[in-house]
Amino acid sequence: MTILSLSTLETWLWDSANILRGSIDSSDFKNYIFGLLFLKRANDVYDEEVESIMNQENLSQKDAEDEPYFRIPEEARWALLTAKTENIGEALDKAFAAIERDNTQLEGVMTAIKFGDKEKLSDAVLQRLLRHFNQYSLRNSELYTPDVLGDAYEYLIKMFADDAGKKGGEFYSPKGVVQLIVRLIKPQPKNRVYDPTSGSGGMLIESAKYVAEQPNGKIGNNINISLYGQEKNLGTWAICKINMILHNFMDADIRKGDTLTDPKHKDDRNNLMLFDRVIANPPFSQDRWWEVAETNLEKKLDKDGKEVEIAPNYNKVVVDKFGRFQYGIPPRGYADLAFLQHMVAVLKEDGKMGIVLPHGTLFRGGTEGAIRQKLLEKDIVEGIIGLPSALFYNTGIPASVWIINKSKPERLKNKVIIVDTSKEYKEGKAQNQLEEIHIDKVIESYDAETDIDKFMRVVDMSEIKENDYNLNISRYISTNEAEVEIVLSKVLEKIAQLEEKQKAIDEKLNQYLKELGL
């Protein structure tokens, strides 16, 4: 029996993407590969469970097949699919539909991608792909550890993000940034943790890993945490659901839809559900973010006689029944502070949250400036961490992390911790990286709440008020090198010495020229 190590698993899974090259766009690889990975894993674990039940309870195979919690219907059996030589894509689509039918918790997940389009995926390509996935067993007994598949899945997400370039930012947040925020908000055992723009689920998984290391962080083999998320993109939502299952979070509550216009997590009274920790990396500066106001826009003729849309006045058209935008309505072109206010609204009174936002949110004026001022006056902004540039796939601009704490400790009342990490990174070819050494430096200084020259300050609110509530980090932390002190008398003395040397050189040169008759 071959035990699959993480490195072998990673190489094997990444090689599957090479089979698809030339058939579909690289940004779509993840949807097909993750679907087949889940199908193979589900089949192997199902077979393993059926065999175990047969041996332990002395049941026939037919009776044992009714016992597992997760069901694999006949038309979705791996052996049946790998024996196909034609119409393989259609057979896979039917298999995924059957899995959803028999496992209602996966409704919409497996059918989010279609294999049956022969113009994209021929039978020959799919046959090669299935044959490739057939090389190894993904039974628990044949993995180095059951968790290894979740780690391999995270590796694939990272690799697909690299391959997709800017599109990778739609579903992947750099691991160093995620780890930094998780360690700043410190989720605890029994916490409910929520990500309103969950992407592929990396922030939720990292929060769970953090809790697992805390005292009472585990109950048996289960991590003592509840995970919630919402994702607008259908394909990314499906990837997130699969990610949760492969990490053994079968109960993770991941919904699909637009969080700003249609938040899905509500309590029995139809009020927004509240959470202990909230964490997110929303799309930077999303425009036209209130979708209900952007449909069927009125038009008018411009001076050249062309039809142009009439931009809606967001102060009038944004009406939120949940009352989330109590600090102000963000402008149409920037959803950043809309996401932040949604997160504040669903945060418990003793909760803590971390959100990645573009630097512009620190200093832009107008409506955003007014919102920022109200947040600061409310005294719920605990920290601002300026990140290095070029960390993210979808933008080269630097970003910032906002830490919101509704119950700031007394020592931090009317104060904000400001950290400048612009020089704390490892340079990379495409993206820079935050490594553990950089994260440790931020966390240690942040937790110590002690000023460090050119790196961190605990800034009093009175100083922020003097700066008109502008949080531009350069206003509070100087990164300029100290100027070298110039003593004029010494400079003049040096110049005189140089002039004497030049005079001696000129005299010697003239002597040589005379000897040469020049």
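By convention here, the first residue in the shown sequence is residue 1. All heavy atoms count here, side chains included; hydrogens, waters and symmetry mates do not.
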Go through Thr111 and Glu100 one step at a time and tell me if the side-chain hydrogen bond (donor to acceptor under 3.5 Å, both in side chains) criterion holds. CA-CA 8 Å; Thr111 53; Glu100 285 189 13; 2.8 Å; yes
Roughly how far, to the nearest 0.5 Å, is CZ of Phe115 from CD1 of Ile113? 7.0 Å
Grab the two heavy atoms, one from Met461 and one from Asp379, that are nearest each other, plus how far apart they are. CE-OD1, 3.8 Å
Electrostatic pair Glu75:Lys94 at N-O distance under 4.0 angstrom: no
Side-chain ion pair, Asp287 and Arg332, N-O less than 4.0 Å: no
Kindly compute the distance separating CG (Leu337) from CH2 (Trp289), expressed to the nearest 0.5 Å. 10.0 Å
Distance-minimising heavy-atom pair for Ala293 and Val317: CB-CG2, 3.6 Å
Check for me whether the distance between the ring centres of Tyr314 and Trp290 falls short of 6.0 Å. no
Side chains of Glu368 and Thr361 only: does a donor on one sit below 3.5 Å from an acceptor on the other? no
Do Lys186 and Asp276 sit within salt-bridge range, that is, some charged N less than 4.0 Å from a carboxylate O? no
With rounding to the nearest 0.5 Å, note down the distance linking CD1 in Ile417 to CD in Glu449. 5.0 Å
Leu387 side, atom CG; Ile384 side, atom CD1 - distance, nearest 0.5 Å: 10.5 Å
For Gly354 and Ile403, which heavy atoms make the closest approach, and how far apart are they? CA-CD1, 3.9 Å
Would you kindly say whether Asn233 and Thr236 are connected by a side-chain donor-acceptor distance under 3.5 Å? yes
Of Ile19, Leu37, Leu39, which is the lone residue that meets side chain to side chain contact (heavy atoms under 4.5 Å, CB included) with Phe133? Leu37
Would you indicate whether Ile310, at its atom CD1, is surrounded by more than 12 heavy atoms from other residues, nucleotides or ligands within a distance under 6.0 Å? yes
Go through the side-chain N and O atoms of Tyr327 and Glu377 and say whether any donor and acceptor fall under 3.5 Å apart. no
Decide yes or no for Ile242 and Val109: does some side-chain heavy atom of the first lie under 4.5 Å from some side-chain heavy atom of the second? yes
Exactly one of Lys406, Lys415, Lys352 should register a side chain to side chain donor-acceptor pair (under 3.5 Å) with Glu382. Which one does? Lys352
Considering all heavy atoms of both residues, which atom of His265 and which atom of Gly229 are nearest to each other, and what is their separation? CE1-O, 3.0 Å
Out of the candidates Asn414, Asn470, Leu471, Val381, only one should pair with Ile464 under the side chain to side chain contact (heavy atoms under 4.5 Å, CB included) rule; please name it. Leu471
Rounded distance [0.5 Å steps], SG in Cys240 versus CD in Gln230: 11.0 Å
Given the ring of Trp237, does Lys232 sit roughly above its face, with NZ or CZ under 6.0 Å from the centre of the six-membered ring and within 45° of the axis? no
Distance under 6.0 Å and angle within 45° of the ring axis: does Arg183 meet both against Tyr210? no
Between Asp336 and Ser285, a side-chain donor and acceptor under 3.5 Å: yes
Taking atom types as modelled and ignoring hydrogens, do the side chains of Arg41 and Asn140 form a donor-acceptor contact shorter than 3.5 angstrom? yes
Identify whether NZ of Lys or CZ of Arg in Arg192 sits under 6.0 Å from the centre of the six-membered ring of Phe275 and within 45° of that ring's axis. yes
